[in-house]
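All remarks here apply to the structure that follows.
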Amino acid sequence: MHFNVGDVIFQVVFLISLIVPIVLIILFITYLTKQRKQINRIEEKLDHLLKNKNSTK
């Protein structure tokens, strides 16, 4: 069996070009979910602080 180096390089580059967008989309989605969770935690803390501030007056 004879492999041409150019064909192998082309196949590897093509495979990478298929995998990279999928990985980037997954990373972007996980980033967004982490951001959303962090924002929710911050909002909860602010709500708690505001509630405590209003109850002490």
Side-chain angles (χ1 to χ4, degrees):
M1 190 179 279
H2 183 277
F3 289 107
N4 190 355
V5 175
D7 290 338
V8 172
I9 292 172
F10 176 77
Q11 291 294 326
V12 169
V13 169
F14 186 73
L15 183 64
I16 289 172
S17 70
L18 289 175
I19 293 174
V20 167
I22 295 171
V23 171
L24 289 176
I25 290 171
I26 292 171
L27 289 174
F28 183 68
I29 290 172
T30 56
Y31 170 76
L32 287 179
T33 56
K34 286 181 183 179
Q35 283 291 109
R36 184 178 299 142
K37 288 179 183 179
Q38 183 180 14
I39 290 172
N40 286 340
R41 284 195 310 268
I42 292 170
E43 286 179 350
E44 288 176 5
K45 288 177 184 179
L46 281 173
D47 289 342
H48 180 71
L49 288 173
L50 287 173
K51 181 180 177 184
N52 285 345
K53 182 179 178 183
N54 289 335
S55 65
T56 57
K57 285 187 175 184

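Note that these values count all heavy atoms, side chains included, but never hydrogens, waters or copies made by symmetry.
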Candidate pair Phe28 and Leu32, rule side chain to side chain contact (heavy atoms under 4.5 Å, CB included), full reasoning: CA-CA 6 Å; Phe28 183 68; Leu32 287 179; 3.4 Å; yes

Is Phe14 close to Leu18 at the side-chain level, that is, under 4.5 Å between some pair of heavy atoms? yes

Asp7, Val8, Ile9 screened by side chain to side chain contact (heavy atoms under 4.5 Å, CB included) with Val5, the one that passes: Ile9

Check each of Ile29, Val23, Ile22 against Ile26 using the side chain to side chain contact (heavy atoms under 4.5 Å, CB included) test, and report the only one that passes. Ile22

Rounded to the nearest 0.5 Å, what separation is found between the CZ atom of Phe10 and the CG atom of Leu15? 11.5 Å

So side-chain hydrogen bond (donor to acceptor under 3.5 Å, both in side chains) across residues 40-50, not counting sequence neighbours, yields His48-Asn52

Any chance you could pull the hydrophobic cluster mates of Ile42, using side-chain heavy atoms under 4.5 angstrom and chaining through other members? Leu46

Nonpolar side-chain network containing Leu50, other nodes, edges under 4.5 Å: none

